[in-house]
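Below is one structure; the comments refer to it alone.
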Amino acid sequence: MHRSSPAMLYAVAFVLVFCACSDAPTPKVLVIGLDGIHVGVLATTSTPNIDSLAAAGAFSDAAQTLVRTVSGPGWSSMLIGARSDKHLVTSNELTGHNYAEYPDFLTRLERINPAYNTFAVLDWPPLATTASGGPIISDAVDVKLFFDGSVDGYGWADSTSVAAAVEHLLNEDPDAAFVYIGAVDEVAHATSTHGPEYRAALELADAYVGALAAAVRRRPTYIDEDWLILISTDHGRDERGGHGGDSPGERTIFYLASGPSTVQGKITETPYIVDVAVTALTHLGIEIDPEWDLDGKAVGLRR
Ligand SMILES: [Zn+2]
């Protein structure tokens, strides 16, 4: 039998503290983009998966787009973290963009450190391809999948995208991912209302959110990880299901941040569309460099 000297106890304490630090869960982020969601319809449609993520995290149904209420500037601003006066996209014609200086958050991660594993699955062509002067998400992303919703239909393309994302989340090791769901917007345009078809498309999008969140939780290394799930939309809708104008219904969007590192409850300060990318980067431990000239702030994180 022997006694531990104070020096030994300090040494043991140091090792324990050090090990606790190095065992901190690895931050990871999944951004889910649902195209063209009216917050009033979201509030009155059955979306149990979005609801349970919102109940566990931070939610706002009063977030604002700040940019023209169409997809080109909407997705650009959300995924870059800067407004149209920076990335220069003001319509669905993206030619003349400044994505070189203001890249999407996945591309920015690759520039910061190519060791980041980045993933995107997309079915609206300008997000992924040179269609309309794109892509919004560059080819620097490690795995970028594209299923063409404009050719094969957004119903098929969304379900194929989600299946591919579930597979990737379960079997690969992404640090940051973006999954896009397009059919909700398409259905609203086709029916020109907030009617039953639009609500059904939103219910299906909610089921996709559930499948993606379940895939995150089923990861074999989930216990060692700190996942942030961010969900938002590029624009709302007017009363006839259209968008592109300046009405509150078109400008108002939702913002949802859910995970062990988020605050819980309704967000009181107004989130803006540009906050999504900045929150994603911040969760990953990235210091936002003022030289990047971003407009967003981190919203819903505990620290
Ligand atoms: Zn859109």
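Values reported hereafter were calculated over all heavy atoms of this structure, with side chains retained and with hydrogens, waters and symmetry mates removed. In each ligand, atom 1 is the first atom listed, and ligand 1 is the first ligand listed.
Residue pairs that meet the salt bridge (Lys or Arg N to Asp or Glu O under 4.0 Å) test with at least one member in residues 101-113, sequence neighbours left out, do not exist here.
Not counting sequence neighbours, Tyr154 has no partner by the ring-ring contact (aromatic ring centres under 6.0 Å, His included) test. In terms of the ring-ring contact (aromatic ring centres under 6.0 Å, His included) criterion, residue partners of His243 (sequence neighbours excluded) are, by chain and number, His189, His235.
Between Asp85 and Arg83 a salt bridge is recorded (basic side-chain N to carboxylate O distance below 4.0 Å).
Asp148 contributes no side-chain N or O that, together with a main-chain N or O of Asp152, makes up a donor-acceptor pair within less than 3.5 Å.
The closest side-chain donor-acceptor pair between Ser76 and Tyr99 falls under 3.5 angstrom.
Distances under 2.8 Å from the Zn ion (ligand 1) pick out the protein N/O/S atoms Asp35 OD1, Ser71 OG, Asp234 OD2, His235 NE2.
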